[in-house]
Amino acid sequence: MSSTHSQSPTQTKEDIKRSMLVDLRSDTVTRPSVAMRRAMMEAEVGDDVYGEDPTVNRLEQRAAEIFEREAALFFPTGTMANQAALKVHTHHGQEVICEERAHIWNYEMAMIAQFSGCIPRPIPAESGIIHWEQIRRKIAPGIYYRAQTGLVSLENTHNMAGGAVTPTAVIDEICEGAHKAGIPVHLDGARIFNAATALGQPVAEITHHVDSVMFCLSKGLGAPVGSMLVGSREFIKRAHVVRKCLGGGMRQAGVLAAAGLIALEHGPSRLHEDHANAKFVADRLAKVRGIKLDAAHVQTNILVFDISGTGMTTAEFSQRLAEKSVLANGINPELMRFVTHLDVDRAACEHAVRVIEEICA
Ligand code: TLP
């Protein structure tokens, strides 16, 4: 049922059992392709803490080129890359403006406070898209007794808002306003290639005015590990120091970067398939009694839908799905999240839909 992407000649029983599952918990669950595994085995490596890993260097150079930036840096995770960016952009005692459900605030272990000594200044936006006018009103006035705004952080696509895509003009307007106010803008672009696919624009164009971008190789692009931070040479130089503070010096990381290079070069071109599968699932689920979902809002590979009308909690719902080999997570007692990716094909999506239709019948 799953795509054949991750099948290898050395498949174990465990692999086969796993390949029967329809795993919609996240696009982080994708397993490296045969080509990636081969590239990892053959990767030329060196000690990256000395800057001597040629494969890491090549990956960083390619990321900088693709985003039309001066420099890029390889991180083990998106969380570490986001938090390094926040640390470089801010000072202790400042505020970070973000959308209320932003990953940097809700899912990164309060590192805004723990590590950067800042607090979030959240803006609620049902659609997940915040606009300059809302941000402008949240910027602290320049009075000595008010904590100052150190950063605006955006998320595109917005994970918990159902993979919502922020239009480029909205980001550009935010950057113009924030920069005039002397405030930098960071973009959590964990799924920026999904946004670019949905918008039909290159990533460089949709991120042109932000000061830094984090993107993940290990989600829809299919790498087993890794995220990148891109920005100016000076910014990346400072982020490099912060990465080391966090214990992110990875030595012979070329084995990981080799998979990352394949993800970066070949991953983006197939993301439209994941979007089409998410749309397919959304169209069908929107017709199921007890499920509340606006299929028109599903733009990328994430669906968030309300199951409270079924009389089940998301824990119960997930349990019922798991009994039929479909894995998915709730994000609270009412809302379920499905994420499509390269290891679930159309047949797998059809199976997931049929299981839900049965459960809700
Ligand atoms: N997201 C994960 C979970 O942490 C929720 C997922 O399954 O979607 N920014 C965004 C927008 C993300 O969605 C994630 C991961 C990250 C950053 C962090 O990336 P990692 O997991 O590599 O630290």
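If you're wondering where the values come from, they're calculated on a predicted model, not measured in any experiment. Quick note: numbers below take in every heavy atom, side chains included, and nothing from hydrogens, waters or symmetry partners. Order of appearance sets the numbers: ligands from 1, and atoms from 1 within every ligand.
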(request) Answer yes or no: are there more than 12 heavy-atom neighbours, outside E176 itself, under 6.0 Å from its atom CD? (result) no
(request) Output yes when D23 and R31 qualify as a salt bridge under the 4.0 Å nitrogen-oxygen rule, no when they do not. (result)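 No, no charged N to carboxylate O under 4.0 Å.
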(request) Using the six-membered ring wherever Trp is involved, compare the ring planes of F338 and F305 and label them parallel, tilted or perpendicular (cut-offs 30° and 60°). (result) perpendicular
Check residues 306-315 and write down every donor-acceptor pair under 3.5 Å in which the side-chain atom is one partner and the other belongs to a residue at least two apart or another chain.
| unit_1 | atom_1 | unit_2 | atom_2 | d |
| --- | --- | --- | --- | --- |
| D306 | OD1 | S308 | N | 2.8 |
| D306 | OD1 | S308 | OG | 2.6 |
| T310 | OG1 | I307 | O | 2.6 |
| T310 | OG1 | M312 | N | 3.2 |
| T313 | OG1 | A315 | N | 3.4 |
| T313 | OG1 | E316 | N | 3.2 |
| T314 | OG1 | N332 | O | 2.7 |

(message) Suppose we screen for side chain to side chain contact (heavy atoms under 4.5 Å, CB included). Which residues come up paired with E133, at least two apart in sequence or across chains?
(response) R136, R137
(message) Does anything in residues 99-124 form a ring pair (Phe, Tyr, Trp, His ring centres under 6.0 Å)? List the pairs, not counting sequence neighbours.
(response)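 Residue pairs with at least one partner in residues 99-124: H103-Y107.
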Enumerate, one pair per line, all nitrogen or oxygen atoms of ligand 1 lying under 3.5 Å from a protein nitrogen or oxygen, stating the separation to 0.1 Å; write 'none' if no such pair exists.
| unit_1 | atom_1 | unit_2 | atom_2 | d |
| --- | --- | --- | --- | --- |
| ligand 1 | 1 (N) | H103 | NE2 | 3.3 |
| ligand 1 | 4 (O) | H103 | NE2 | 2.8 |
| ligand 1 | 7 (O) | S26 | OG | 2.7 |
| ligand 1 | 7 (O) | R337 | NH2 | 2.9 |
| ligand 1 | 8 (O) | N159 | ND2 | 2.9 |
| ligand 1 | 8 (O) | R191 | NH2 | 2.8 |
| ligand 1 | 8 (O) | R337 | NH1 | 2.8 |
| ligand 1 | 8 (O) | R337 | NH2 | 3.4 |
| ligand 1 | 9 (N) | D188 | OD1 | 3.1 |
| ligand 1 | 9 (N) | D188 | OD2 | 2.7 |
| ligand 1 | 13 (O) | N159 | ND2 | 2.8 |
| ligand 1 | 13 (O) | R191 | NH1 | 2.9 |
| ligand 1 | 19 (O) | K219 | NZ | 3.1 |
| ligand 1 | 22 (O) | G78 | N | 2.8 |
| ligand 1 | 23 (O) | G78 | N | 3.4 |
| ligand 1 | 23 (O) | T79 | N | 2.9 |
| ligand 1 | 23 (O) | T79 | OG1 | 2.6 |

